[in-house]
Amino acid sequence: MKAVGPTLVARHPIAVVAERTGLSQDVLRVWERRYGAVEPARGAGGQRRYTDADIERLTMLHAVTAAGRSIGQVATLPLETLAALAEEDRVARERRAFPAAASHDADGIITNALAFARALDVARLEEALRRAVALMGVSAFLDGVAAPLLRRAGAEWHAGRMSPSQEHLLSSVLHDIVLATMRSFTTDDSAQRIVVATLAGERHVIGAALAAAIAAMEGWRVIYLGADLPAEEVASAARSAGARAVAVSIVYVDDRRRVLDELRALRSQLPADVSIIAGGAGAESLAADLARMGARTASNLAGWLVELRAGTGADVT
């Protein structure tokens, strides 16, 4: 019997495609309009209609982006190339599965990193974290080690089980490794730009570094400014770079009025079509105020990833 390929009859509405591919409807629209991933037909009322071939392609794109590639890097690749990449990713996952399970689980890495920080053992701390990146891959490291390690270190410091010097050492080494992962990604000149920083008075910068690394992984061109910058400087950099979005990390809110004044100043000095996304524990406590000034809150790395993949959620119809 002759094999029959995916039908080219455009018969699936976007809700069905979202359910079958695991991609949200917003992401499907963005992937179509900005990246040309597929070109669905339109029904009599203008609704999108997808073929089986469209679903197959979107499913494959979901697989290869989940492995760490940005949609901008793979959107127009032939289906055969996407299938080959997905197979390479599967083989790579299997190859690292045994050593990861044996002695490089995320909890073990975090426990060892905290112990090395308490001993002020910079060399072993760096070695452990860099090895974790190599074994786990950037995406798994950022989500499974870097973010929870940062939270654990903060909790240990607040509980008096880590000294300020130990916590600062850990944050400094982690910051450098996260930035190194960010710079390992290359983007073309047409990629959307995002400015990442902390505003004046906020010196805890590791959250901003994590956000910057994930944005780079997703194919954004990142302008990382670091910590403790006045709103006018951040806005000026965003305007000069032609940024699509500005991300700020807010860890502690020791002066609510000052923080909100900085955020309002940032909003007033940016073009209306430039999004502001605030992350960090401090941002969660300001969510209602941020919403009133037209800014979004990414409460965790998963939320940040959603914002990035939807192009910050703007212009989605």
Side-chain angles (χ1 to χ4, degrees), residues 103-136 138-184 196-216 222-230 233-234 247-256 258-259 262 278-286 298-301 304:
S103 59
H104 298 286
D105 62 288
D107 287 342
I109 293 166
I110 291 168
T111 298
N112 287 338
L114 290 170
F116 295 146
R118 289 191 180 95
L120 300 179
D121 192 336
V122 179
R124 294 180 73 187
L125 177 60
E126 288 184 342
E127 180 185 5
L129 294 179
R130 293 188 190 281
R131 181 173 176 80
V133 175
L135 285 170
M136 301 175 68
V138 172
S139 178
F141 172 79
L142 294 176
D143 186 51
V145 172
L149 176 57
L150 180 62
R151 291 192 295 269
R152 282 277 302 277
E156 292 293 291
W157 177 72
H158 279 293
R161 292 188 292 268
M162 288 189 78
S163 68
S165 61
Q166 293 166 340
E167 191 271 338
H168 283 201
L169 171 69
L170 178 60
S171 295
S172 176
V173 171
L174 185 59
H175 178 266
D176 290 348
I177 290 173
V178 168
L179 286 191
T181 67
M182 180 191 77
R183 290 166 182 146
S184 69
V196 182
T198 76
L199 296 175
E202 178 60 79
R203 297 184 179 180
H204 295 82
V205 73
I206 183 63
L210 283 169
I214 293 172
V222 179
I223 298 93
Y224 177 71
L225 302 180
D228 197 14
L229 277 176
E233 291 295 328
V234 177
V248 294
S249 176
I250 306 170
V251 178
Y252 297 115
V253 181
D254 54 356
D255 186 335
R256 187 182 186 90
R258 176 186 59 75
V259 174
E262 280 291 300
E284 291 184 47
S285 69
L286 301 174
S299 58
N300 52 37
L301 292 185
W304 174 232

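When reading the values below, keep in mind they use all heavy atoms of this one structure, side chains included, and skip hydrogens, waters and symmetry mates.
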Exercise for the section: Measure up the Y252 and H204 rings against each other and bin them: parallel (under 30°), tilted (30 to 60°), perpendicular (over 60°). Expected result: perpendicular
Practice task
State, with a plain yes or no, whether a side-chain heavy atom of W304 is found less than 4.5 Å away from one of L210.
Solution key: no
Problem - side-chain hydrogen bond (donor to acceptor under 3.5 Å, both in side chains) partners for R151, two or more places apart - result: none
Exercise for the section: Mind checking side-chain hydrogen bond (donor to acceptor under 3.5 Å, both in side chains) for R203 and listing every partner two or more places apart, or none if nothing turns up? Expected result: none
Practice task
State, to 0.1 Å, how close I110 and G144 come at their nearest heavy-atom pair, and which atoms those are.
Solution key: CD1-O, 3.9 Å
Practice task
Write out all pairs satisfying salt bridge (Lys or Arg N to Asp or Glu O under 4.0 Å) with one or both partners inside residues 153-174, taking only residues at least two apart or from two chains.
Solution key: R118-E156, E156-R161
Problem - Any residue meeting side-chain hydrogen bond (donor to acceptor under 3.5 Å, both in side chains) with R256, in chain and number order, not counting sequence neighbours - result: D289
Completion exercise
CD1 of I206 to OG1 of T198, rounded to nearest 0.5 Å, is 12.0 Å
Handout entry: Results of side chain to side chain contact (heavy atoms under 4.5 Å, CB included) for A216 - residues two or more places apart only
Key = M182, F185, V222
Practice task
Could you please spell out the steps behind the side chain to side chain contact (heavy atoms under 4.5 Å, CB included) verdict for V259 and L199?
Solution key: CA-CA 8 Å; V259 174; L199 296 175; over 6 Å; no
Fill in the blank from the handout: Of L125, L169, L170, the one forming a side chain to side chain contact (heavy atoms under 4.5 Å, CB included) with L120 is L169
Completion exercise
d(I109 CD1, N112 CG) to nearest 0.5 Å is 8.0 Å
Problem - Contacts of type side-chain hydrogen bond (donor to acceptor under 3.5 Å, both in side chains), residue E262, not counting sequence neighbours - result: none
